[in-house]
Structures are given as C-alpha cells and as structure tokens.
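Since the model is a prediction, treat every value here as computed from it, not as a measurement. One-based numbering, in listed order, for ligands and for the atoms of each.
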Amino acid sequence: MVIVLKKDISSEEKAGIKRMLAARSFKLNEIRGEESTIIAAVGKLAMDIREVEVMQGVAKVIPISKPYKMASREFKPDNTIVEVPNGRGQIVRVGGRRLVSIAGPCAVESRQQMMDAAQAVSKSGAVMLRGGAYKPRTSPYSFQGLGEEGLKYLKEAGEKFGLPVVTEIVASEFIPVMKDYVDVYQVGARNMQNFELLKRLGALGKPVILKRGLSATIEEWLMSAEYLLSSGTNDVILCERGIRTYEKATRNTLDLSAIPVLREMTHLPIIVDPSHALGVRDKIPPMALAAVAAGADGIIVEVHCHPEEAKSDAAQALYPEQFDKIMRDIESLAPVIGKQVAHIMTENAQSPLTSGIRIESGRIKVERPASRPKCVFCGEKGAYAESAVEKFFCSSADAEHVHSFDEIFQSVVDGKARFGMVPIENSTAGSVYNNYDNLARFEDVSIVGAITLRIEHSLLAPKGATLETIRTVYSHPQALAQSSDFLKAHKWNQIDTVSTASGAKLVAEKGSVENAAVANARNADIYDLEIISQGIENDPNNYTRFVVIEANHVGSGTRSDDIISGKANMATFMFSTKNEAGALYDALGIFKKHGLSLNRLESRPIAGKPWQYWFYGDAAISEEIEEPEKYVSDVMEKLKTVAADVRLLGVYRENK
Ligand code: PEP
Ligand code: MN
C-alpha cells in the first residue's frame with residue numbers, strides 16, 4: 001500500500017506509523033515529494049487498510065495496484081542501481097546511466113580456459129566475468145559443469161583481472177559451497193519459477209541476475225523478482241534472454257520490447273543476453289547493440305577463446321575479436337543515448353582504495369594508502385592547471401600531466417589517479433563546455449573541491465627574439481582570446497595548442513625567434529625562454545575556476561576527508577526539466593526556498609536528445625548551515641519532485 005501523509009504530520013506521528021508497520025513485518029520506503037510525503041509499504045500479512053487510514057497524520061491509503069509490489073515503480077520511483085564491489089576496491093554499478101558488459105564462457109571448463117577468457121574479455125572492457133560451474137543441460141548425458149572446482153577457477157580468474165563473477169545456481173543446496181566464490185548469482189531461465197530457490201537466494205542479500213523463463217510473461221517474471229526482493233535482497237537485475245516462440249531461425253526470440261515495457265513497470269536494472277536468444281555467434285553482435293539502443297543497462301554474452309572446443313553452447317560462443325568489436329561499437333553508441341560505458345580500474349592503478357575495502361556494520365569502509373595521491377591536469381609541465389594543483393593540495397598530492405580533458409576524467413575513473421584538476425570557467429572567456437559535458441558523461445565522478453586561480457599571461461620566446469622578430473604565436477585558444485588586445489596590435493599568425501604550456505614547449509623546441517607563446521611566466525624557466533612582455537591579458541581580473549574531481553567508487557559519504565578538509569560551502573547540481581511551462585522556474589524556486597544562492601547557472605545540450613538541456617547550478621551554502629551534506633540531500637529530494645532528472649555533482653569546500 002501507499003500511505004500518503006498529511007503535510008502537517010509530526011515526526012512522532014510519522015515514527016508511530018513506521019513502528020506499527022515494521023512490527024507487522026512491512027518493508028517500508030519513504031518517498032518525500034514537494035507536495036506530499038508517502039510511505040510505500042509491502043508486507044506478507046494481509047491488513048485492513050482502514051487500520052492505517054485512521055492513524056494520526058495519514059491523509060489517505062492507496063493499495064499498490066500491481067501484484068508485484070516491491071518490484072513496482074509505485075513502491076520505488078527511482079531506478080535501482082545494483083552495486084557489486086570488485087577485489088580492487090572499486091564498485092561496479094549496474095543501472096542508471098552506466099552500460100555494463102558481462103562476458104565469459106558458457107561453462108567453466110579448466111583453469112587455463114578461464115584465465116584466457118578473463119584476460120580477453122577484461123582487455124576489451126567487460127566489467128564482470130561469467131561462467132557456469134553447475135550447468136542445467138537439456139540432456140543428462142551432456143557436460144554438467146565442474147562444480148566447486150569450476151567455482152575456484154572462476155573466482156581466481158575474476159580476482160586476477162578485477163572482475164566480479166557471475167555464475168548460475170541451480171538448486172539451493174549449493175548455497176553453502178557457492179557462497180564464498182560468487183559475487184552475483186544467476187538464476188537461469190529454467191529456474192525462474194523455482195520459488196523455493198528464489199526465497200533462499202533472496203535471503204542471502206547478494207545481487208541476483210534473474211533470467212526470464214523460456215515462456216514467462218513479463219508479469220510472471222516480475223513476480224519472480226518479487227520473491228527475491230521480499231526475501232531480503234534489494235539487488236535484482238532482470239535479464240532478457242529470449243523466449244520460446246514458433247520461430248525456429250534463432251534459438252529463441254529476443255524480446256527487446258520487454259525493455260521499454262519493464263522500464264515503466266519496475267525500477268530494477270535490465271540487461272540482455274543475446275547469446276542464448278540467438279544461439280549463433282554471427283547474429284549476436286547486432287542484437288547486443290540493439291539491446292543497448294533499446295535502453296538496456298548492459299549485456300551478458302558468452303565468449304570463448306577456442307569456441308570450437310567449447311563443451312557447451314559452442315555455436316553461440318563469440319570469438320574474443322567479435323566481443324572486442326561489440327565493445328568498441330558500444331563505446332560509440334553510448335553518448336548517443338546519453339550513457340557512459342563502465343570500466344574496471346587498471347591493475348596497479350593508483351587507486352584511492354587499493355589498500356582495502358571492508359563492510360563494517362553495513363557500511364562500506366575504505367582504508368587509505370599511506371602514499372601520496374596523484375592529481376592529474378591537462379597540459380605540459382608549467383600549465384596553469386599545474387599551479388592550481390600545487391595551490392590546492394599544498395604538496396599533499398603530486399601533479400601529473402595528461403593530454404586531454406577527457407583523459408583527466410578517464411584517469412580518475414580508471415583509478416590511475418585519485419584526483420583530477422578540471423578548468424570549468426574563465427572570468428573573461430567563459431565556460432569550458434567540454435568539461436561541463438564530461439561531468440555529464442562520467443557519471444561516477446564527483447566534485448570534491450574548487451579553486452580559483454589568477455591567470456597572468458606572458459609572451460615568451462627563444463633568446464634573441466623581440467616583438468619585431470615574432471611572426472607566429474602559439475597558445476591555447478582561451479589564452480589567445482584573453483590576450484586579444486595585445487595580440488591585435490601585432491599582426492601575428494595565431495596557432496592553437498592543447499594548453500598554454502604545450503605552446504611554450506613547442507616554441508622552445510622550434511627555437512626560432514619568429515615564434516612566441518602566450519603562457520604562464522613560470523614556463524620561461526622550465527623551457528629556457530625569455531619573457532618578452534608580461535601581463536598581456538586584456539583584463540588583469542582574469543581568473544580561472546577549477547574543480548577538483550574524484551571517482552565515487554565507494555557508495556555514499558564524503559570520500560576525501562583524509563586529504564581535503566573543511567566544512568562544505570558549495571554544492572553543484574545538475575538537472576534537466578520537464579518540457580512544460582514554468583518547469584525551470586519551479587526548479588529554481590527550490591533553491592530560493594532553501595536559501596541557496598545560485599552563483600552560476602550554465603546549460604548544455606543533453607547528448608542524444610536534441611533541444612533538451614542539462615542545467616548546472618553552483619549554489620553557495622551559508623556557514624550557518626550545520627550539516628551541509630544533509631541539507632543538500634534534502635534539497636535534492638525536493639528538486640527530484642519538479643525536475644525531469646537530477647544529479648548532485650558534489651558538496652565541497654571552495655576557498656574564495
Ligand atoms: C547460461 O547463461 O549459461 C544459461 C544456461 O542461460 P539460460 O538460463 O538463459 O538458458
Ligand atoms: Mn550457455
């Protein structure tokens with residue numbers, strides 16, 4: 001049932017309602033809206049809804065209309081994101097804006113076969129490893145799987161490549177032997193309605209991939225998910241793997257229309273297994289892409305390094321090259337549908353978490369390494385961004401350069417560096433759009449700090465150069481724009497470089513007195529150049545604001561308090577609005593209502609959705625607010641009720 005609370009309900013009344021329902025074993029989900037707060041309650045006991053209706057503070061009670069309750073969107077309007085930790089302290093997330101690929105052989109056959117498969121699929125971008133150790137075969141004479149030995153090979157291979165493992169459970173009696181090896185249980189199509197298995201499995205609380213039965217309707221499938229959810233796990237991933245129809249050209253018929261249908265019915269993530277649906281390897285790649293295009297959260301496919309030797313499902317096993325091509329295609333498709341492909345952190349990466357991740361009283365805890373973290377910036381040594389790293393971290397992090405803004409984000413997501421220094425806005429040239437778009441694209445990244453740097457440009461050139469010898473100036477386009485008054489006075493060619501420092505480096509390499517660079521004066525020392533003119537920027541009040549990013553591999557909570565300290569005074573929100581009159585006004589009203597001053601509002605087109613926009617809002621949080629994170633999370637709840645989509649990019653300290 002859905003219990004709509006009165007607006008003026010007291011906290012004691014609300015607690016009383018929750019207590020009463022919990023005492024009767026109801027599972028509760030509180031959803032706070034702008035107009036009203038509701039409690040979704042699902043229980044095994046039949047209860048007369050009038051008993052709740054008469055309680056103080058209750059406005060009305062509506063029964064959940066669907067037979068599946070906890071799986072329904074009525075119970076939980078927001079998409080569920082299933083989190084699966086890997087051995088590298090990273091969390092693989094299924095759902096939301098991420099695309100995941102799970103790959104591996106149908107069955108575990110040998111240690112070597114699993115190692116080879118894991119290496120191949122991880123290289124191409126799989127984030128989980130599959131392999132059956134107990135195989136439900138049509139014939140009792142076919143290979144039945146290696147059992148526990150197979151589980152060992154699967155786990156060992158998964159650990160080596162940082163891949164959580166997925167394997168099928170065929171009966172609940174295998175739980176004791178499987179539980180130490182398995183990250184995600186798979187319930188196969190043939191067991192979808194094995195309710196006793198579902199109940200026992202749900203009670204373990206581990207993530208489960210629930211495949212659709214060979215002849216199950218979508219509703220029957222959700223009823224099976226309900227068994228898992230009502231038994232104790234929140235983490236169910238639905239997997240469409242083809243249903244039996246009269247068509248014989250493929251092994252089964254892949255029902256991709258189930259995806260948009262399910263999206264409306266349920267909050268659970270949905271993945272697609274084109275391997276078992278098609279049954280023939282050459283027909284799998286187009287359907288894997290179609291699944292992603294249709295809105296699936298990921299794919300699960302069978303890959304074997306020597307398919308001709310596979311002991312089961314040989315005809316549908318993809319060659320590693322075929323899987324690699326699928327992954328490259330998915331990378332290109334992802335931005336078109338506004339999604340981002342999930343990756344595993346590279347081995348030996350300088351992860352913030354490599355020293356260990358533990359679960360302590362139900363919360364994920366992270367142990368920090370003793371070594372100094374890295375902060376990557378774009379450009380060569382001497383870039384303004386490098387000064388920003390030095391100024392922000394005051395030698396508690398090492399600055400290291402990469403070659404593009406995208407690489408900053410990718411390095412942080414892959415764990416190659418813990419932090420990234422990202423220019424976001426310049427006071428004269430405006431927004432760095434590329435980085436606003438990266439914040440949208442890289443969903444597992446948060447803003448954990450910000451710093452504003454005064455930008456003072458100099459004209460640098462090799463020894464012997466004068467204003468008269470110079471013909472060409474090299475620099476980042478923003479630096480050229482910011483020095484346009486000075487440059488206009490001289491009729492020089494202007495050539496763009498990726499950063500100001502790379503312009504200085506190039507000029508030094510060329511060594512000609514005809515070339516000069518617009519850059520930070522510190523580059524004169526680094527590249528042995530002369531300062532021809534200093535302070536050439538149009539406006540001496542020229543500032544660049546940088547944000548510091550970190551990957552949120554670990555669930556919620558502040559991540560950087562070991563390095564970055566100070567009470568948060570800024571929050572950055574990202575939201576899109578419904579296409580209706582006053583939608584933006586309503587969203588902005590939430591900031592006003594909560595006394596958050598919006599310092600800046602930027603908008604960017606949403607990738608793949610023409611004429612729809614992300615709004616980025618930087619809000620200042622008053623020092624009087626005692627718990628900024630909690631305050632902001634309340635604002636988020638309110639914003640969710642009026643916006644089409646909302647993301648909190650970070651609650652952080654900015655030293656002004
Ligand atoms: C499998 O994944 O290997 C499998 C047996 O799948 P399904 O249950 O979908 O047939
Ligand atoms: Mn199979």
Requested in this report: With the Mn ion (ligand 2) as the reference point, give the N/O/S atom of D313 that is nearest.
Outcome: OD2
Report task. Might you list the protein residues in contact with ligand 1, defined as having a heavy atom under 4.0 Å from one of its atoms, sorted by chain and number? Result -> C106, R130, K135, E168, Q186, G188, A189, R190, K211, R241, H276, E302
Query raised in the report: Closest to the Mn ion (ligand 2), which N/O/S atom of E302 is it?
Result: OE2
Query - NZ (K123) with more than 12 external heavy atoms under 6.0 Å - result: no
Query raised in the report: Any salt bridge between R647 and E443, counting N to O under 4.0 Å?
Result: no
Query - Carboxylate-amine/guanidinium contact D183 K155, below 4.0 Å - result: yes
**Report entry** Short N-O contact, E196 and K199, less than 4.0 angstrom
**Finding:** yes
Query raised in the report: Looking at K640 and E637, does any basic side-chain N land under 4.0 Å from a carboxylate oxygen?
Result: yes
Query raised in the report: Have Q113 and Y153 got a donor and an acceptor in their side chains that come within less than 3.5 Å?
Result: no
Query raised in the report: What N/O/S atom of H276 is the closest to the Mn ion (ligand 2)?
Result: NE2
Query raised in the report: Looking only at atom types and distance, does a side-chain atom of E220 sit under 3.5 Å from a main-chain N or O of T217, one as donor and one as acceptor?
Result: yes
